[in-house]
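The sequence lines fix the lettering, A, B, ..., with proteins before strands; numbering per chain opens at 1.
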Protein chains: 2
Amino acid sequence: MSSNSRLTIATHILAWMALVETGRADPVTSERIARSVNTNPVVIRRLLGALARKGLVKSHRGANAGWTLATSADAITLSDIYRAVDDGSLFAMHASPPNQACPVGRGIQPVLTQVYDALDAVLQKQLAEVTIKDILDRILAKDR
Amino acid sequence: MSSNSRLTIATHILAWMALVETGRADPVTSERIARSVNTNPVVIRRLLGALARKGLVKSHRGANAGWTLATSADAITLSDIYRAVDDGSLFAMHASPPNQACPVGRGIQPVLTQVYDALDAVLQKQLAEVTIKDILDRILAKDR
DNA sequence: CCCTGTCGTAACAGTATTTGTTACAACGCG
DNA sequence: CGCGTTGTAACAAATACTGTTACGACAGGG
């Protein structure tokens, strides 16, 4: 599967922001975040933009600009992040439409759509049980 | 997400084979299957090859060659198919390794690996509850 | 009122993946 | 032997993902 790393990177970003904000709540810049994630600041800004569109973070401009969490770290779940940065289709239908003259070709797509929707619901439920705070706590717990 | 259609196509193939085999158990050719799926026979053979490696179908050569189901349609689950045709990694880790000098960069990968493994287990469990026979029954039930 | 630092986004390159296609050797039954 | 099909290699086109450069928009400080 050509899986992407957006959920991973976005979770990394938010966990890092949660850690930094435990000190003080100044906005952090995409450039600082990029150093922890080890990538380009534009990649960070793209993901933060997606997270901001779902209300998970806020951007600040002008002097002392940057980003802050919009809510507390235990109110953000991996399900929220997933829906912000991924389009949520695990499995694709046929690239070219199946033969409508065949009973299977005609009937399989609605059935698989139901199956895939159920899978997505289960996935969301599982993702919703993990918060950024959980992730950060587990990261720091290992650090001894 | 760049999802692929391999699970969809492989399920289509097996449901179609199950339907045809209810009549008689002659091997079917990749060329006939390709007509229902509406794609190239080589695409079908590639997927059947992956399914054969996991023991879900058998290939036959020589005269009257083709493919047959290795077991009954209610003994093949979507989990079996998924593991045969997909590599089973829903979410990728960082493309370039995170900064090891940062607590988050150092600790996040093992934590996310655990989370993703748990997700995969839930996904497999859900997929294992649907058989090819279920799929075919639901396809035919709609056909009235 | 300008200067500065950062956001937000467009544009593009490089790589990888997916699907479809052609080609061809290997196989095994009649 | 002759034939049809498998099994796989090789390649092309389309798409997706990550990283990168570039630059206008913005807002607060001096």
A.B. asks: To the nearest Å, give me how far apart CD1 (B/Ile13) and P (C/dT19) are.
C.D. replies: 12 Å
A.B. asks: State which residue, out of B/Ile9, B/Leu47, B/Ile132, B/Asp86, fulfils the side-chain contact (heavy atoms from CB on, under 4.5 Å) condition with B/Ile81.
C.D. replies: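 That would be B/Ile132; it is the only one of B/Ile9, B/Leu47, B/Ile132, B/Asp86 passing the side-chain contact (heavy atoms from CB on, under 4.5 Å) with B/Ile81.
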A.B. asks: Grab the CD1-P distance between A/Ile9 and D/dC17 for me, whole Å please.
C.D. replies: 14 Å
A.B. asks: Per the side-chain contact (heavy atoms from CB on, under 4.5 Å) rule, which among B/Ile13, B/Ile135, B/Ile139 passes with A/Val104?
C.D. replies: B/Ile139
A.B. asks: Rounded to the nearest angstrom, tell me the gap between atom CZ in B/Phe91 and atom P in D/dC17.
C.D. replies: 13 Å
A.B. asks: So, does A/Ser30 get its side chain near the phosphate of C/dC7, meaning an N or O under 4.0 Å from OP1 or OP2?
C.D. replies: yes
A.B. asks: Decide yes or no on salt bridge (Lys or Arg N to Asp or Glu O under 4.0 Å) for B/Lys133 and B/Asp137, but give the supporting numbers first.
C.D. replies: CA-CA 6 Å; B/Lys133 180 171 186 305; B/Asp137 287 349; 3.0 Å; yes
A.B. asks: Please answer: with hydrophobic residues joined when any side-chain heavy atoms are less than 4.5 Å apart, are A/Leu127 and A/Val122 in the same cluster?
C.D. replies: no
A.B. asks: According to side-chain hydrogen bond (donor to acceptor under 3.5 Å, both in side chains), does anything in residues 64-73 of chain A pair up with another residue at least two apart or in another chain? List the pairs.
C.D. replies: A/His60-A/Thr68, A/Ser72-A/Asp74
A.B. asks: Rounded to the nearest angstrom, tell me the gap between atom CD1 in B/Ile44 and atom P in D/dT8.
C.D. replies: 16 Å
A.B. asks: Taking CG from A/Asp26 and C1' from C/dT6, how many angstroms apart are they, rounded to a whole number?
C.D. replies: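 After rounding, the reported distance stands at 14 Å.
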A.B. asks: Considering only D/dT8, D/dA22, D/dC17, which nucleotide approaches the side chain of A/Asn4 most closely?
C.D. replies: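 Closest nucleotide among those given: D/dC17.
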A.B. asks: Would you say the side-chain atoms of B/Thr22 pair up with the backbone N or O of B/Leu19, donor to acceptor, closer than 3.5 Å?
C.D. replies: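 Looks like yes, one N/O pair under 3.5 Å.
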A.B. asks: Any side-chain N or O of A/Arg46 below 4.0 angstrom from OP1/OP2 of D/dC17?
C.D. replies: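 For A/Arg46, the contact criterion (side-chain N or O under 4.0 Å from OP1 or OP2 of D/dC17) is not met.
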A.B. asks: Tell me which residues in residues 47-71 of chain A put a heavy atom below 4.0 Å from DNA chain D, sorted by number, or none.
C.D. replies: A/Arg61, A/Gly62, A/Ala63
A.B. asks: Does OP1 or OP2 of C/dT19 have a side-chain N or O of B/Thr39 closer than 4.0 Å?
C.D. replies: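 Answer no for this pair, as no side-chain N or O of B/Thr39 is under 4.0 Å from OP1 or OP2.
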A.B. asks: Heavy atoms from C-beta onward define the side chain here; which of D/dT20, D/dT8, C/dT19 lies closest to that of B/Ser5?
C.D. replies: C/dT19
A.B. asks: Are any of B/Arg45's side-chain N or O atoms less than 4.0 Å away from OP1 or OP2 of D/dT6?
C.D. replies: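 Yes, B/Arg45 has a side-chain N/O under 4.0 Å of OP1/OP2 on D/dT6.
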A.B. asks: What residues, two or more places apart in sequence or in another chain, satisfy salt bridge (charged side-chain N to carboxylate O under 4.0 Å, His left out) together with B/Arg46?
C.D. replies: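 With sequence neighbours excluded, B/Arg46 shows a salt bridge (charged side-chain N to carboxylate O under 4.0 Å, His left out) to no residue whatsoever.
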A.B. asks: Just the rounded figure in Å: distance from P of C/dC12 to CG of A/Asn40.
C.D. replies: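 That distance rounds to 18 Å.
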A.B. asks: From C/dG8, C/dT6, C/dG20, pick the nucleotide closest to the side chain of A/Thr29?
C.D. replies: C/dT6
A.B. asks: Nearest-Å distance, CD (B/Glu31) to P (D/dC3)?
C.D. replies: 19 Å
